Protein chains: 2
Amino acid sequence: MNTELILKNVSKHITLNDAERQFFLSMLESRFIKRKELHLKEGEVCKHSTFIVSGALKGFTIDKQGIEHVINFAIKDWWIGDMYSLISQQPGILNIEALADSEVLMLSRENQHLLYEKVPKFERFFRIIVENSLVASQQRLINNLSLTAEERYLEFMKKYSSILEYAPLHTIASYLGITPEFLSKIRGRMARKPA
Amino acid sequence: MNTELILKNVSKHITLNDAERQFFLSMLESRFIKRKELHLKEGEVCKHSTFIVSGALKGFTIDKQGIEHVINFAIKDWWIGDMYSLISQQPGILNIEALADSEVLMLSRENQHLLYEKVPKFERFFRIIVENSLVASQQRLINNLSLTAEERYLEFMKKYSSILEYAPLHTIASYLGITPEFLSKIRGRMARKPA
DNA sequence: TTGTTTTCTTAACCTAGTTCAAGGTTTTAG
DNA sequence: CTAAAACCTTGAACTAGGTTAAGAAAACAA
């Protein structure tokens with residue numbers, strides 16, 4: 001189990017002593033996910049918060065017309081999960097799939113609650129993680145409401161360039177809220193008369 | 001200061017003893033906001049989390065073309081604030097304005113941190129509040145990506161009917177991500193051939 | 001009470017983005 | 001190495017929703 005990265009991630013917001021660190025690590029479960037493998041399937045109850053050690057995943061829903069909508073990406077050093085299902089313990093609507101072979105560390109809901117009991121600092125840690133997710137989610141909403149598709153694509157490349165290595169065009173189009181054909185057209189336009 | 005509602009709100013997630021309750025209440029500041037009055041202006045640093053005792057507020061941004069985008073509403077028993085500015089202490093992009101005469105209770109960032117020190121349970125309380133906001137924000141993203149304007153309007157009426165009493169049509173249109181003219185058209189259509 | 005502002009509607013025309021279809025290229029699995 | 005699958009591009013026809021404009025109705029301030 002490769003724990004260096006997650007310990008560094010935690011230490012960004014809280015400080016652990018040796019015993020706490022050991023206890024935290026004992027709560028984690030390592031897993032390797034192959035490219036295209038589903039880590040979480042809609043309809044299931046989400047039982048873990050997942051930290052990405054290497055690789056990349058996408059979270060997505062499928063609407064009534066069978067169209068896939070990418071809700072978020074997660075790469076090295078990020079957390080992912082179906083927050084709705086995780087807190088309500090109801091069947092979720094999120095699918096989580098690997099974009100590349102990935103190593104993740106999983107913290108089960110029960111262990112997370114144990115952690116809150118034994119090391120209350122983790123309440124703070126996850127509060128901050130969730131706060132940051134909320135800011136990102138709201139910023140994306142604002143972008144979707146106020147920018148054109150082309151502007152959103154430029155923003156995306158600026159902010160998440162590392163994801164371009166993992167996600168094919170139609171997945172990025174889905175994240176941006178447009179069709180793959182239209183993203184292709186935008187690219188063509190940009191290549192012809194660049195910024 | 002009308003504290004009954006906020007104490008009930010807090011008690012949904014954590015239990016306070018008398019001293020803790022008194023301490024919490026001593027951290028709050030009451031404010032009355034007139035309809036159309038700005039509670040927070042973009043460019044300012046957001047210094048408070050705000051709990052609504054009565055009335056209704058909207059949070060919105062204004063894009064380069066001067067168009068207003070409603071990010072969220074807040075009514076009785078909800079919290080509102082510019083999370084980005086609140087945690088980064090950078091100038092924010094959110095405006096918060098009263099839709100009706102409102103009474104709010106404000107918890108300053110400093111007091112919130114004091115509260116975290118003195119009564120660590122509040123880390124949990126605000127973690128849960130933020131988790132719920134994140135779920136709502138993601139659900140809205142999913143709706144924006146996968147539903148038509150008419151479907152979003154129907155969803156909105158089902159879920160937030162109480163806001164219809166406070167917000168004029170053009171404000172709801174902005175929240176839905178469409179123009180007031182188009183929402184008016186949808187209404188006309190729905191009136192002619194109802195569900 | 002009356003002028004002013006805000007709100008809502010309707011209609012004609014316009015456009016960003018979609019749909020459908022087809023062909024070409026790259027990646028992958030066996 | 002090769003067939004199949006996944007991926008990307010382009011173009012023509014289409015549509016959900018936007019823009020502009022103008023008028024009616026309601027709410028509000030003086």
Side-chain angles (χ1 to χ4, degrees), chain A residues 33-38 55-56 58 60 62-70 97-102 143-157 163-194, chain B residues 34-38 56 58 60 63-70 97-101 143-157 163-194:
Chain A
I33 314 173
K34 283 235 148 303
R35 188 170 119 85
K36 303 217 173 175
E37 195 184 329
L38 267 187
K58 68 174 173 185
F60 63 99
I62 297 180
D63 68 24
K64 342 174 200 120
Q65 292 150 86
I67 298 170
E68 181 177 318
H69 301 281
V70 175
E97 187 187 303
L99 292 168
D101 294 355
S102 303
N143 283 353
N144 280 267
L145 293 174
S146 58
L147 302 183
T148 64
E150 178 162 347
E151 290 168 328
R152 273 176 275 150
Y153 179 53
L154 289 168
E155 278 282 308
F156 179 81
M157 290 199 300
I163 288 166
L164 292 170
E165 301 157 30
Y166 294 111
L169 170 142
H170 70 264
T171 299
I172 290 168
S174 166
Y175 179 87
L176 295 175
I178 58 179
T179 58
E181 293 89 343
F182 191 58
L183 179 50
S184 190
K185 243 168 262 192
I186 288 174
R187 274 189 177 180
R189 249 174 10 215
M190 280 171 44
R192 247 162 277 127
K193 50 156 189 166
Chain B
K34 282 233 148 305
R35 187 169 119 85
K36 302 216 172 176
E37 192 184 332
L38 268 187
K58 67 175 174 185
F60 63 99
D63 69 22
K64 339 172 205 125
Q65 292 151 85
I67 298 169
E68 180 176 318
H69 301 282
V70 174
E97 186 186 303
L99 292 168
D101 294 355
N143 283 354
N144 280 239
L145 293 174
S146 58
L147 302 182
T148 64
E150 178 162 347
E151 289 168 328
R152 273 176 276 149
Y153 179 53
L154 289 169
E155 278 283 306
F156 179 82
M157 288 199 302
I163 290 166
L164 292 170
E165 301 158 30
Y166 295 111
L169 169 142
H170 71 264
T171 298
I172 290 168
S174 166
Y175 179 88
L176 296 174
I178 58 179
T179 57
E181 291 87 347
F182 191 59
L183 179 51
S184 192
K185 223 177 280 186
I186 288 174
R187 275 190 175 179
R189 253 180 0 223
M190 281 172 41
R192 247 161 275 126
K193 49 158 188 164

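Throughout, protein chains are lettered first and strands after them, A, B, ... in sequence-line order, and every chain is numbered starting at 1. As the structure is a computational prediction, the values presented were derived from the model and not from experiment. Side-chain atoms are counted along with the backbone in the values below, which use heavy atoms only and exclude waters and symmetry mates.
Taking each heavy atom of A:Ala56 and A:Ser102 in turn, the nearest pair found is N-OG, 3.1 Å. Closest of all the heavy-atom pairs between B:Glu97 and B:Leu38 is CB-CD2, 3.8 Å. In terms of heavy atoms, A:His69 sits closest to A:Ser174 at CA-OG, 3.3 Å.
Distance A:Lys36 NZ to C:dA29 P: 8 Å, rounded to the nearest Å. Atom pair B:Arg189:CZ and C:dT9:P shows a separation of 14 Å (rounding to whole Å applied). Here C:dT7 presents its P atom at 15 Å from CG of B:Leu164, a figure rounded to the nearest Å. A:Glu150 has its CD atom 17 Å from the P atom of C:dT15, to the nearest Å. The distance from atom CG of A:Asp63 to atom P of C:dT18 is 13 Å, rounded to the nearest whole Å. Rounded to an integer number of Å, the gap from CD1 of B:Ile178 to P of C:dC8 is 13 Å. Atom NE2 of B:His170 and atom C1' of C:dT5 are 12 Å apart (whole Å). Whole-Å rounding puts the B:Phe182 CZ to C:dA12 C1' distance at 16 Å.
Residues A:Glu181 and A:Leu147 each lie close to DNA chain C; by heavy-atom proximity, the contact nearer the 5' end of the strand is made by A:Leu147. Closest-nucleotide positions on DNA chain D for B:Arg152 and B:Arg35 were compared, and the one nearer the 5' end corresponds to B:Arg152.
The side chain of B:Arg187 places an N or O atom within less than 4.0 Å of a non-bridging phosphate oxygen (OP1 or OP2) of C:dT9.
To the nearest 0.5 Å, the span separating CD on B:Glu150 from CG on B:Leu183 amounts to 10.0 Å. Rounded to the nearest 0.5 Å, atoms CG (B:Asn144) and CG (A:Leu145) are 6.0 Å apart.
Using a 4.0 Å cutoff to heavy atoms of chain B, the contacted part of DNA chain D runs 5' to 3' from D:dG17 to D:dC28.
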Inset, instruction - Determine, step by step, whether A:Arg35 and A:Asp101 satisfy the salt bridge (charged side-chain N to carboxylate O under 4.0 Å, His left out) criterion, reporting the C-alpha distance in whole Å, the side-chain angles of both residues, the deciding distance to 0.1 Å, and the verdict. - result: CA-CA 5 Å; A:Arg35 188 170 119 85; A:Asp101 294 355; over 6 Å; no

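Of the candidates B:Ile172, B:Leu99, B:Thr171, B:Tyr166 forms a side chain to side chain contact (heavy atoms under 4.5 Å, CB included) with just one, namely B:Leu99.
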